[in-house]
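In what follows, a structure is listed as structure tokens, so that the remarks can point back to it.
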Amino acid sequence: MSEPQSPLPPVAPWAVTGATGFVGRALCRALVADGVPVRALVRGAPGALPEGCEPVRGDLATPSALRELVRGASVVVHCAGAVRGIDRAAFDSVNVAGTGALLDAVLDRAPGCRFVHVSTLAAREPALSDYAGSKRAAEALVAQAGLSEPVLLRPTAVYGPGDVELLPLLRAHARGLGPAPAVPEARVTLIHVDDLVAAIRVAGAGPWPGAGPFELAGPPPEGLRWRELADRIAAVTGRPVRQLPVPPAVLTALARIVRGSARLLGRAPMLTPGKVRELTHPDWSCDPAPFSAATGWQPTVTLAAGLAALLAERR
């Protein structure tokens with residue numbers, strides 16, 4: 001009689017913050033589909049998570065939940081963060097303090113894990129906005145934490161199914177009239193969420209590429225001027241696109257009104273003077289070559305294909 005075989009050891013889970021957000025949900029869905037166990041931090045009902053994830057109730061301000069989230073994890077992916085805030089303190093309370101709390105939990109419960117920090121290309125220019133400054137400060141915490149295998153990713157603007165930030169702007173252009181900053185030389189870059197998920201996965205599961213930071217963008221990585229983006233959308237929709245150039249001074253005045261109203265209402269505004277400085281920054285070109293060289297990752301979703309699929313969705 002043959003000896004009974006010992007059961008295979010359980011696969012260590014991936015731990016994900018921001019699992020109910022745009023990028024986090026896409027990542028969790030892809031991992032679960034491939035049979036990777038996923039433990040996900042969730043503030044509300046677990047039903048908000050993609051099916052198949054193990055929920056951990058709490059947030060970045062709940063140390064006990066963070067310790068449970070990362071316990072024994074092989075990979076920790078930090079997608080959570082504040083993209084709206086009334087001032088620098090509001091951003092820091094999540095993006096900096098939250099990252100610090102997560103790092104404390106990792107060093108306590110999963111010191112040997114691969115830590116993938118999903119930052120933003122805006123962190124390259126921390127003086128532009130409170131958001132960019134807070135993300136750069138969070139990167140510094142990761143770099144100084146003494147982790148064994150940290151990976152810092154700086155994706156540019158992310159678009160795709162589930163996006164709620166860029167979609168209104170893209171749809172306005174698709175309808176034939178879209179606003180854009182009146183900064184003709186400004187260049188913008190985009191990355192499809194599927195390509196970003198693929199980059200996160202190879203950063204977590206492949207040979208350690210190094211700490212980075214690694215810039216990530218889809219084609220073309222050198223970026224497009226706003227008029228060129230409108231022309232790409234016109235090519236997809238088959239109808240001409242008129243752009244409505246909005247002077248930076250007008251955008252800034254509007255942002256101040258929005259921020260003032262948000263203070264009165266106790267809300268976090270999306271449009272702020274800092275966000276205007278990001279939108280009107282002349283150069284968001286990107287260099288994903290170092291990450292590609294280290295990992296073999298290449299973006300596979302062309303801008304035409306990504307826009308066509310996104311604009312075809314009914315909302």
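What's counted below: heavy atoms across the whole structure, side chains too, no hydrogens, waters or symmetry copies.
A salt bridge between E139 and R154 is present, with a side-chain N of the basic residue lying under 4.0 Å from a carboxylate O of the acidic one. R124 has a carboxylate O that lies under 4.0 Å from a charged side-chain N of E215, or vice versa, which qualifies the two as a salt bridge. A salt bridge links R201 with D34: at least one charged nitrogen is closer than 4.0 Å to a carboxylate oxygen.
Among K135, H78, H117, the single residue meeting the side-chain hydrogen bond (donor to acceptor under 3.5 Å, both in side chains) criterion with T99 is H78. When each of V75, V77, L27, V32 is checked for a side chain to side chain contact (heavy atoms under 4.5 Å, CB included) with V38, only V32 meets the rule.
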List the atom pairs, donor and acceptor, that lie under 3.5 Å between side-chain atoms in residues 260-267 and the rest of the protein, sequence neighbours left out.
residue	atom	partner	partner atom	Å
S261	OG	I257	O	3.1

Practice problem: For side-chain hydrogen bond (donor to acceptor under 3.5 Å, both in side chains), just list the numbers for T300 and D195, CA-CA rounded to whole Å, side-chain angles, deciding distance to a tenth of an Å, and then say yes or no. | Solution: CA-CA 7 Å; T300 61; D195 283 333; 3.2 Å; yes
Practice problem: Please lay out, stage by stage, how S134 and R88 fare under the test side-chain contact (heavy atoms from CB on, under 4.5 Å). | Solution: CA-CA 7 Å; S134 71; R88 178 61 187 265; 3.9 Å; yes
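Applying the ring pair (Phe, Tyr, Trp, His ring centres under 6.0 Å) rule to F291 yields the partners F214, W297; only residues at least two apart in sequence or on another chain are considered. Contacts of A294 classified as side-chain contact (heavy atoms from CB on, under 4.5 Å), with partners at least two apart in sequence or in another chain: P209. Legend: residues meeting side chain to side chain donor-acceptor pair (under 3.5 Å) with S285, ordered by chain and number and at least two apart, are D283. Not counting sequence neighbours, the partners of T156 by the side-chain contact (heavy atoms from CB on, under 4.5 Å) test are L121, T189, I191, A217.
With a 6.0 Å radius and a threshold of 12 heavy atoms from other residues, nucleotides or ligands, E51 has its CD atom at or below the threshold.
With values rounded to the nearest 0.5 angstrom, R84 atom CZ is found 10.0 Å from L271 atom CG.
Clustering of Ile, Leu, Val, Met, Phe, Trp and Tyr side chains at separations under 4.5 Å places F115 together with L41, V56, L60, L66, L69, V70, V76, V94, V96, L102, L103, V106, L107, L141, V142, L147, L152.
Y159 is not connected to L279 by any chain of hydrophobic side-chain contacts under 4.5 Å among Ile, Leu, Val, Met, Phe, Trp and Tyr, and they are in different clusters.
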